[in-house]
2 protein chains.
Amino acid sequence: MPDRIDLDSDLLNYIIKNGFQPGDRLPTISELQDPNNLGISVSKVREQLEVARALGLVEVRSKTGTRLKEYSFTPAVRLSLFFALATDLRFFEQFSALRTHLEVAFWNEACARLTADDLTELRQYVGAARAKLSGQWIRIPSEEHRAFHLGIFKRLDNPFVLGLLEAYWDAYEAVELNRYADYAYHQQVWDYHERILDAICAGDFDAAKTAFIEHTRLLRHQPRMQDMESSVEFSSEVTE
Amino acid sequence: MPDRIDLDSDLLNYIIKNGFQPGDRLPTISELQDPNNLGISVSKVREQLEVARALGLVEVRSKTGTRLKEYSFTPAVRLSLFFALATDLRFFEQFSALRTHLEVAFWNEACARLTADDLTELRQYVGAARAKLSGQWIRIPSEEHRAFHLGIFKRLDNPFVLGLLEAYWDAYEAVELNRYADYAYHQQVWDYHERILDAICAGDFDAAKTAFIEHTRLLRHQPRMQDMESSVEFSSEVTE
DNA sequence: TGCCCCTATTCATCTGATTAATCCTATTTT
DNA sequence: AAAATAGGATTAATCAGATGAATAGGGGCA
């Protein structure tokens, strides 16, 4: 085992070396400048704080100073992904393929960990979405869509898979894919969601997974991608 | 479609807005300060440059200025992953599970894209590793191990999957898992690698995949993890 | 007690100066 | 003439210091 993993950042190494835990306050910027701590100037401290902040590792606020946050893979993934998407929206298809495979791969493990309360919560999302669809709402229920899918995986003990999935839904929001979907399409989507949930409740995770895979195929053939500047062939298939 | 994805960074938004391409030179820091460009001070520019650098988006060198790099998902993943590992090495098991599932999920697609030259290259890695094992070399052939696995996926048209796999091998190096492995173990590993490669060459990707999955199970039962501060149960199974 | 204002602390941002790295060119050397 | 070298100019790298903005916490007042 290595003595210590080098993080290519004085600040991050300092955080690790001193064993700061999530929730802890780091020294103030002026204190960090002290030769006993980092021994670098304000500008350099701030550069590194900014990196840590961009990665979601710390929260830095006036007066209270810097607080170490709970680790999450999401911010790093989101930042890099968003840059890619800003460059070329076609990246979305590729990340989407990754997301689908991940959900399939970790499906049973995630489902097995769900509690009765979790299932009730999922059921509520279905209800809320249905209400919006049947009512006079203009807004497509993308929040419930996100909450439903992430809800299935919320007990999964793998921050990396969760981070990728969360970043996927952030990107989904950012590219506003739902804007162009119509009500009939969403009805279909929530039929599938209900089928998935019923199967999970019945303990038949494989049936739920099958329904999920079908449901992603549905998404794939929707017109949502036609608005992109250029269509791209989708070559990866879900492994079963 | 959104007008523009907001990147929460003047600099990154500026790069996108002005359509800079990989290889392009960005304006110098002093030019970026100009109100016509970013209109912020050196310190602020440098903070954002540092974030972009940490994400592997730009390379900034004295005299030549800043160059926009080819997009890669790897740096962001590696940075966040390394911080997690520095906090707690048990994160490695979870990222490893992700890696295994990814390779399985994208296996056939990746294999199908390999050229004859690629296969020759893979064969060379096997040869080089064997030579090191049979010779008097002290060093365990971890470079070939990395090169072999990444080599299988090098043609995969998915920067996100590739980025995750690359970061995995970087982490593998960083935690120095190979240090504690013995020669007999590596012989076994390369037997598997050869079996995998033979199957790929024969066009039987599924057989190759099966061999790969067996080979990861081998890894899992090796004593390499016992050196960690606490053993952790490995609950996720590979989806077949 | 509960509300509001004041103040000290800390971050936020900018400016200017010095140092180090690097490229380009002119000069010297072979 | 070609190659090596030295010097100058450009740019990033780092630092120090100043000013402004945000905010938590205390003290006074109803």
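The analysis underlying the following values was restricted to heavy atoms, covering all of them including side chains, and did not include hydrogens, waters or symmetry mates. Just so we're on the same page: letters track the sequence lines, and every chain starts at 1.
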request  = Go through the steps to decide whether B:Y168 and B:Y172 satisfy the test side chain to side chain contact (heavy atoms under 4.5 Å, CB included), and finish with yes or no.
outcome  = CA-CA 6 Å; B:Y168 168 78; B:Y172 188 88; 3.8 Å; yes
ask   = With sequence neighbours excluded, what pairs up with A:E166 under the salt bridge (charged side-chain N to carboxylate O under 4.0 Å, His left out) test?
value = none
query = How about A:P27 and A:Y14: do any of their side-chain heavy atoms sit closer than 4.5 Å?
reply = yes
ask   = Any side-chain heavy atom of B:R67 within less than 4.5 Å of one from B:D24?
value = no
By ring-ring contact (aromatic ring centres under 6.0 Å, His included) - contacts of B:F82 (at least two apart) = none
Given 3.5 Å as the limit, does a donor-acceptor pair link the side chain of [X] with the main chain of [Y], or not?
X      : Y      : result
A:S9   : A:L12  : yes
B:E109 : B:F106 : no
B:R130 : B:W190 : yes

request  = Calculate, to the nearest 0.5 Å, the distance between atoms CG and CZ belonging to B:D88 and B:F83 respectively.
outcome  = 11.5 Å
request  = Using the test side-chain contact (heavy atoms from CB on, under 4.5 Å), find all partners of B:I40 that sit at least two apart in sequence or belong to another chain.
outcome  = B:D10, B:L38, B:K44, B:V45, B:Q48
query = In whole angstroms, how far is the P atom of D:dA12 from the CZ atom of B:R67?
reply = 15 Å
query = What's the CG-P distance between A:L38 and D:dC15, to the nearest Å?
reply = 11 Å
query = For the helix from C:dT1-D:dA30 to C:dT30-D:dA1, what is the angle between the axes at its two ends, each from 5 pairs, rounded to 10°?
reply = 10°
ask   = What string of B, S and - do you get for nucleotides 10-17 of chain C 5' to 3' if you count protein non-hydrogen atoms under 4.0 Å?
value = BBSBBB--
task = Mind running a 4.0 Å heavy-atom check of residues 11-21 of chain A against DNA chain D and sending the residues that fall below it, in number order?
result = none
